[in-house]
A.B. asks: 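One structure is given below, represented as structure tokens, and several questions about it will come after.
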Amino acid sequence: MKIERATLREIPLRLKEYFEISSGGSQDRRIVLLTLEGEGLEGWSECVAGDDPSYSYETTETAWHILSDFLLPRVVGRDIAGPEEVFSSIPWVRGHGMAKAAVEMATWDMAARADGVSLSRKLGGTRGAVPVGVSVGIKPSDQALHEQVAGFIADGYARVKIKIKPGRDVEMLAGLREAFPDTLFMADANSAYTLGDADRLRELDALDLMMIEQPLRYDDFLEHARLQEMIETPVCLDESIKTVGDTALALHLGSCRIINIKPGRVGGFASSRAIHDMMRAAGLAVWCGGMLESGVGRAHNVALASLPGFTLPGDISASRRYWEQDIVSPEFEVANGEMQVPTGPGIGVEVDVDRIEALTTRKATFG
Ligand code: OSB
Ligand code: MG
């Protein structure tokens, strides 16, 4: 499969509402889209780096830099047997998993189209629909939170994830549990706590949460293992897991019982699948996280979530949860707690290139 040409674009896309997490917030997303072309085929992907380094050290700017100055010039023009080979000529590029993932995931889309199969099928997906949940940002009042949660339950989401931080945690979640006794809830702290908060975090054990996501430092393993020994609620790692090696370390130490796999965070689908396989072999569950993607990134996430080990609902919500108008059609929808996995070739949705072109604020082409 020859990669003859690449196009990198940035488009602004405004979330319907401000999304706040303990480490920051955003409403105006800067979305970086990559298109690879070759042999009459194309492949699309979205780079999930954020505007600022509050979730990961990677940002829109670092990703643009690594993609345009290092990765794309060395990938365009190559003839590769498959997506696993895309970085075989540049093993010396360290880190920058989100930038790398954009290239790798577009290659997977292209390879799936070359085979005339869906991306889900190409990755080894086994499910035609995947269980999905929704991630709720930190809200200024309990009333606003309860209203939004009630709306999402009515929309049919299979579980609701609540962002927490010190001051908006145990009492807030206890109120939700009381108001919605049967809902599957989990909490995501985005590293807002330290091991010194263990007593406080143990209070969550009474609330029947599915898990607490990334309570401690964004790069920690040892303290998460200590915390997991002290609380009953399963710890799920997000930020800490960037590689297969991180997963092995977390399993060895007992740092978590669940992992949220975001293909962008872990450097692409090959790494996502290896983490999935390692967790499955250990008898532990994974689920697919989200980074407030447009329909392009969402299509990749849905395909990944169709693999057999993704047994818990993902942060894969309907297009209309995020955008007035998505950039793919049909838009992604949720019914009865599930999202259908597209069956057409590659990502299986039509990318609205005209609209993207009209929105583009920055563009670079290679080859
Ligand atoms: O921690 O999972 C997270 C969004 C941006 C950065 C980090 C996270 C999130 C979410 C949103 O929780 C999930 C989604 O895309 O709906
Ligand atoms: Mg998270």
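The shown structure was predicted, so the numbers you read here are calculated from the model rather than taken from an experiment. Counting starts at 1 for both ligands and their atoms, following the listed order.
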A.B. asks: Angle between ring planes, Phe310 versus His276, binned at 30° and 60°: parallel, tilted or perpendicular?
C.D. replies: parallel
A.B. asks: Considering the heavy atoms of Tyr55, write down every atom of ligand 1 situated less than 4.0 Å from one of them.
C.D. replies: 7 (C)
A.B. asks: To the nearest 0.1 Å, how far is atom 9 (C) of ligand 1 from its closest protein heavy atom, and which atom is that?
C.D. replies: Gly290 O, 3.7 Å
A.B. asks: For ligand 1, find out whether one of its N or O atoms is nearer than 3.5 Å to an N or O atom of Lys163.
C.D. replies: yes
A.B. asks: Taking only heavy atoms of Lys161, which atoms of ligand 1 are found under 4.0 Å from at least one of them?
C.D. replies: 2 (O), 3 (C), 12 (O)
A.B. asks: So, is Glu213 placed with an N/O/S atom under 2.8 Å from the Mg ion (ligand 2), counting both backbone and side chain?
C.D. replies: yes
A.B. asks: Restricting to N/O/S, name the atom of Asp188 that gets closest to the Mg ion (ligand 2).
C.D. replies: OD2
A.B. asks: Counting only heavy atoms not in Arg74, do more than 12 sit closer than 6.0 Å to its CZ atom?
C.D. replies: yes
A.B. asks: Check each atom of ligand 1 against the heavy atoms of Ser135 and keep those under 4.0 Å away; list them by number with element.
C.D. replies: 10 (C), 11 (C), 12 (O), 13 (C)
A.B. asks: Return yes if some donor-acceptor pair links the side-chain N/O of Thr247 with the main-chain N/O of Thr243 below 3.5 Å, else return no.
C.D. replies: yes
A.B. asks: Using distance alone, decide if ligand 1 has a nitrogen or oxygen within less than 3.5 Å of any nitrogen or oxygen in Asn260.
C.D. replies: no
A.B. asks: What protein heavy atom sits nearest atom 15 (O) of ligand 1, and how far away is it?
C.D. replies: Leu292 N, 2.8 Å
A.B. asks: In terms of residue, atom name and distance, what is the protein heavy atom nearest to atom 1 (O) of ligand 1?
C.D. replies: Asn190 ND2, 2.7 Å
A.B. asks: May I ask whether Ile164 and Val136 are part of the same hydrophobic cluster, defined by side-chain heavy atoms of I, L, V, M, F, W, Y residues being less than 4.5 angstrom apart, directly or through others?
C.D. replies: yes
A.B. asks: Heavy atom under 4.0 Å from ligand 1: found in Arg321's side chain, backbone, both, or neither?
C.D. replies: neither
A.B. asks: With heavy-atom distances below 4.0 Å as the criterion, list the atoms of ligand 1 near Asp238.
C.D. replies: 1 (O), 2 (O), 3 (C)
A.B. asks: Answer yes or no for Arg30 and Trp64: cation-pi contact, defined as NZ/CZ to six-membered ring centre under 6.0 Å and angle to ring axis within 45°.
C.D. replies: no
A.B. asks: Drop me the distance from Asp155's CG to Arg320's CZ, to the nearest 0.5 angstrom.
C.D. replies: 5.0 Å
A.B. asks: What part of Ile316, side chain, backbone, both or neither, has a heavy atom within less than 4.0 angstrom of ligand 1?
C.D. replies: neither
A.B. asks: Hey, looking at atom 3 (C) of ligand 1, which of Glu239, Lys262, Glu293, Met291 has the closest heavy atom?
C.D. replies: Lys262
A.B. asks: Taking the six-membered ring for Trp, are the ring centroids of His300 and Phe269 within less than 6.0 Å of each other?
C.D. replies: yes
A.B. asks: Is the contact between Val134 and ligand 1 made by the side chain, the backbone, both, or neither, using heavy atoms and a 4.0 Å cut-off?
C.D. replies: neither
A.B. asks: Heavy-atom contacts with Glu213 under 4.0 Å: which atoms of ligand 1 show up? List them by number with element.
C.D. replies: 2 (O)
A.B. asks: For Asn190, which of Lys163, Gln214, Lys165 qualifies under side-chain hydrogen bond (donor to acceptor under 3.5 Å, both in side chains)?
C.D. replies: Lys163
A.B. asks: Hey, is Glu357 close enough to Arg9 for a salt bridge, meaning N to O under 4.0 Å?
C.D. replies: yes
A.B. asks: How close does the nearest protein non-hydrogen atom get to atom 14 (C) of ligand 1, and which residue and atom is it?
C.D. replies: Tyr322 OH, 3.4 Å
A.B. asks: So, Glu17 and Lys139, do they make that salt bridge, N to O below 4.0 Å?
C.D. replies: yes
A.B. asks: Could you check which N/O/S atom of Asp238 is closest to the Mg ion (ligand 2)?
C.D. replies: OD2
A.B. asks: Between Tyr322 and Arg29, is the side chain to side chain donor-acceptor pair (under 3.5 Å) condition met? List the steps.
C.D. replies: CA-CA 11 Å; Tyr322 307 93; Arg29 300 269 297 108; over 6 Å; no
